[in-house]
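What follows is a short report on a single structure.
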Amino acid sequence: MSLERAVRAKIAGKRNPEMDKEAQEWIEAITGDKFPASESYEDVLKDGQVLCKLINILAPNSVAKVNSSGGQFKFMENINNFQKALIAYGVPDIDVFQTVDLYEKKDISNVTNTIFAIGRAAYKHPEFKGPFLGPKPADECKRDFTDEQLKAGQTIVGLQAGSNKGATQAGQNLGAGRKILLGK
């Protein structure tokens, strides 16, 4: 098997059809538009128009101009504008897919993961009432310990690495000993 075919097979293996379906249903619920049955999930998203509409609903006026015609570069511009709006919305940069992942269908699972990241980021915007996608991110769980509790914790030996009772290096012989020759 050629390297290119092996890479394509690995990327296709990462794709989860249930996650794609869940992301598609969430986009349809937010935008109010159903995906055409004759087109695949990635083909509907490819021109970036649906994605720009999605982010403009979540964060109004995030993408000022959405290109509906003009060819490849205009559609890629839609995707780039969508990506910039995502970062401004609060999606971590590491969760945002590359333009070629969608436009050239290099890694559609990355696109789906980005849509789930938008769903997680939506939880942090109180003005958005739902529907939500994916699990709610954990909130900070700040704990306040007294000085007495902190000092008590310093006296306890953690047992994650095992017990330290009776542990010494006496009697251990690892390899040959050093030979120090004086006067040579």
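The model shown is predicted, which means the values in this text are computed figures rather than measured ones. Position 1 is the first residue of the sequence, and the numbers go up from there.
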In Å and rounded to the nearest 0.5 Å, what is the CD1 to CD distance from Ile27 to Glu22? 11.5 Å
Connecting only ILVMFWY residues whose side-chain heavy atoms lie within less than 4.5 Å of each other, what is the rest of Leu150's hydrophobic cluster? Phe145
Residues Thr114, Asp95; criterion side-chain hydrogen bond (donor to acceptor under 3.5 Å, both in side chains); working and verdict: CA-CA 6 Å; Thr114 298; Asp95 286 337; over 6 Å; no
Glu42: what forms a side chain to side chain donor-acceptor pair (under 3.5 Å) with it, not counting sequence neighbours? Arg15
Run the side-chain contact (heavy atoms from CB on, under 4.5 Å) test against Thr99 and tell me which residues pass, sequence neighbours left out. Met76, Ile79, Asn80, Gln83
Residue pairs meeting ring pair (Phe, Tyr, Trp, His ring centres under 6.0 Å), one or both in residues 17-63, sequence neighbours left out, come to none
Report the residues that fulfil side chain to side chain donor-acceptor pair (under 3.5 Å) with Asp101, sequence neighbours left out, ordered by chain and then residue number. Asn110
Looking at residues at least two apart in the chain, or sitting in another chain, which of them share a side-chain contact (heavy atoms from CB on, under 4.5 Å) with Ala122? Tyr89, Phe128, Phe132
Under 3.5 Å donor-acceptor pairs involving side-chain atoms of residues 67-75, not counting sequence neighbours:
unit_1	atom_1	unit_2	atom_2	d
Asn67	OD1	Lys65	NZ	2.7
Asn67	ND2	Lys74	O	3.2
Asn67	ND2	Asn78	OD1	3.3

Residues two or more places apart in sequence or in another chain: which of them pass side-chain contact (heavy atoms from CB on, under 4.5 Å) with Lys34? Glu28
Which residues share a side chain to side chain donor-acceptor pair (under 3.5 Å) with Lys53, sequence neighbours left out: Asp33
Out of curiosity, does Phe116 fall in the hydrophobic cluster containing Ile57 (side-chain heavy atoms, cut-off under 4.5 Å, transitive links)? yes
If the condition is side-chain contact (heavy atoms from CB on, under 4.5 Å), which residues does Ser38 pass it with, not counting sequence neighbours? Pro36
Counting only heavy atoms from other residues, nucleotides and ligands, does the tally under 6.0 Å from CD of Glu148 exceed 12? no
Side-chain heavy atoms of Leu45 within contact of Val111, under 4.5 Å: yes
Can you list the residues that meet the side chain to side chain donor-acceptor pair (under 3.5 Å) rule with Asn81, with sequence neighbours excluded? none
Holding to salt bridge (charged side-chain N to carboxylate O under 4.0 Å, His left out), I want the full list of residues that pass it with Lys21, two or more places apart in sequence or in another chain. Glu25
